[in-house]
Amino acid sequence: MITVKEKLAANRTVIGTFGKFSSPAAVEILGYLGFDFVILDMEHGTLDFHQVEQLIQAADAAGISTMVRVSGVAESPILRVLDAGSHGIQAPGVETPDMATQAMRAARYQPLGARGLSYSTRAAQYSIKDKNQHIADADTKQLVAVQIESKLGVENIEKIGKIKGIDVLFLGPADLSNSLGFPGQTNHPLVQEALKRICAVAQENGKVAGTFVANREQALRALEAGVRYLVYDNDVAFLVKGAKATLDEVRELLANKKEE
C-alpha cells in the first residue's frame, strides 16, 4: 500500500476523513470508496487501543492509509498506535514548540526522536520484517501531523514550522474559533487568515498544510490556500447526512401520495 506520507511526498493532494465508529466495516467502506486515509479518532471519540488496532487491520485490508488522532502529545499513546501499525499520528492542541517537539520525538526513532524500539510489534510484522527495513519504513512511511487550534498555537506557528520531523501543520478550525472567542464560526476572517498563515509557513519549511472542512465551499477555499492534506468531515456525519436525505425523500413521497 502507498501510505499517505508517500502520496504527499509525490506532491499529491490527499483526501481523508475522521473515523469515529469502532466498526471495521466502516473503515473498509471508506477504503473501498477510495479515500486516501482515515484518521481514527481517540480524542473526540470512544475508541480504545484494541479497537484502533482492529481498525488498522481492516484499513490495511481495504487499502486505506491510517492516521490516529491521539489525545495529546504524551509518549505512550503515540508509541502504542504506531507499534500497532498506524501510518502516522495526529497530535491535537499543539500550542508551543516544546509540545510539537514532544509529539515528534515520541513518533520518531533516533536521531530525530526517542521512540521506543521493539521488533515484536505489528508494525514490525511481529519480528518477521527485516529490522533495518522496519526502521527505514518508520521514517519514510509514517506521518507526523500537529494540530494548531488555538490563538497561542497560531502565534507560535513560525517556530513550530521549523521543527524537523514534523510533516503536516494542521489547522483545527473549530477549536481555533473557540479560542478566538467566536465558537463555531469557522468561516470567520481570523480563522481564514490563520489558515493562510499556516499554509505559508508550511511551504517555507518544506511541510504540508492541512485542515478540516465540512462542505464544498470550505474545501475549495482550503485547496486555494494551499492545503494538500484535506480532511473532509467524518463517518458519523456521512451516516447522518445520508440517512436524513433518504428519510426526507421518503417522507416527501408519502406526503405527495396523500395529496393525490
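Bear in mind that the values here come from a model prediction, so they are computed numbers and not experimental data. Residue numbers start at 1 and run along the sequence shown.
- Listed by chain and residue number, nothing satisfies the salt bridge (Lys or Arg N to Asp or Glu O under 4.0 Å) test with D235 (two or more places apart in sequence, or in another chain).
- I163 and M99 fall within the same hydrophobic cluster, where Ile, Leu, Val, Met, Phe, Trp and Tyr residues are linked whenever their side-chain heavy atoms come under 4.5 Å apart, directly or through other members.
- Contact annotation: the side chain of I148 approaches that of I160 to within less than 4.5 Å [non-hydrogen atoms, C-beta and beyond].
- Around CG of L220, the count of heavy atoms belonging to other residues, nucleotides or ligands within 6.0 Å exceeds 12.
- The side-chain heavy atoms of C199 and V227, taken from C-beta on, include a pair separated by under 4.5 Å.
- Scanning for side-chain hydrogen bond (donor to acceptor under 3.5 Å, both in side chains) contacts around E95 gives S150, with sequence neighbours left out.
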Without placing hydrogens or testing angles, list every side-chain donor-acceptor pair under 3.5 Å for residues 165-173, not counting sequence neighbours.
unit_1	atom_1	unit_2	atom_2	d
D167	OD1	K5	NZ	3.4
D167	OD2	R108	NH2	2.6
D167	OD2	V144	N	2.8

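- Shortest non-hydrogen contact noted between D36 and K7 is OD1-NZ, 2.8 Å.
- A 6.0 Å sphere centred on NZ of K20 holds more than 12 heavy atoms belonging to other residues, nucleotides or ligands.
- Here F21 pairs with nothing under the ring-ring contact (aromatic ring centres under 6.0 Å, His included) rule; sequence neighbours left out.
- The CD1 atom of I157 sits 11.0 Å away from atom CG of L152, with the distance rounded to the nearest 0.5 Å.
- Proximity of D248 to E252: side-chain heavy atoms (C-beta onward) are nowhere separated by under 4.5 Å.
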Expected list for residues 72-81: side-chain donor-acceptor pairs under 3.5 angstrom, two or more places apart:
none

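- F49 is listed as a side-chain neighbour of M42, based on a closest heavy-atom distance under 4.5 Å.
- Stacking of K241 on the aromatic ring of F238 is not recorded, the 6.0 Å distance cut-off and the 45° axial limit not both being met.
- Counting Ile, Leu, Val, Met, Phe, Trp and Tyr side chains that sit under 4.5 Å apart, directly or through other members, L254 shares a hydrophobic cluster with V250.
- For E158, the salt bridge (Lys or Arg N to Asp or Glu O under 4.0 Å) criterion is met by R197, not counting sequence neighbours.
- Here the CG-NZ distance, from D175 to K151, works out to 16.0 Å after rounding to the nearest 0.5 Å.
- Panel note: side chain N234, backbone V236; a donor-acceptor pair is recorded below 3.5 Å.
- Nearest heavy atom pair, residue S177 against residue G184, reads OG-N, 2.9 Å.
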Q: Go through Y229 and V4 one step at a time and tell me if the side chain to side chain contact (heavy atoms under 4.5 Å, CB included) criterion holds.
A: CA-CA 9 Å; Y229 179 90; V4 62; 4.3 Å; yes
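- When the salt bridge (Lys or Arg N to Asp or Glu O under 4.0 Å) test is applied to K159, no partner is found at least two apart in sequence or on another chain.
- Nearest approach of M104 to K164, heavy atoms of both residues: CE-O, 3.4 Å.
- Side-chain polar atoms of T3 and E6 form a donor-acceptor pair below 3.5 angstrom.
- Residues that satisfy the ring-ring contact (aromatic ring centres under 6.0 Å, His included) test with F182, not counting sequence neighbours, are H188.
- The neighbour count for I15 CD1, taken as heavy atoms of other residues, nucleotides or ligands under 6.0 Å away, does not exceed 12.
- Between F18 and F212, the closest side-chain pair of non-hydrogen atoms falls below 4.5 Å.
- Using a 4.5 Å heavy-atom threshold, the side chains of S179 and E149 count as separate.
- Contact between V231 and T17 at its shortest, heavy atoms only, is CG1-CA, 3.9 Å.
- Residue pairs meeting the side chain to side chain donor-acceptor pair (under 3.5 Å) criterion with at least one member in residues 53-64, sequence neighbours excluded, are H50-Q54, D60-R122.
- One hydrophobic cluster, built from ILVMFWY side chains closer than 4.5 Å, cannot hold both L143 and L40; they sit in different ones.
- Shown here are the side chain to side chain contact (heavy atoms under 4.5 Å, CB included) partners of Q133, two or more places apart in sequence or in another chain: K129, D130, A136, D137.
- When all heavy atoms of A124 and S118 are compared, the pair lying nearest together is CB-O, 4.3 Å.
- Under the salt bridge (Lys or Arg N to Asp or Glu O under 4.0 Å) criterion, D48 pairs with no residue, sequence neighbours left out.
- Between T211 and V213 there is a side-chain heavy-atom pair separated by less than 4.5 Å.
- The residue from H44, E43, Q90 that alone fulfils the side-chain hydrogen bond (donor to acceptor under 3.5 Å, both in side chains) condition with R69 is E43.
- Here the shortest heavy-atom pairing between L8 and R228 reads O-NH1, 3.2 Å.
- Side-chain atoms of Q125 and H134, non-hydrogen and from C-beta on, never get closer than 4.5 Å to each other.
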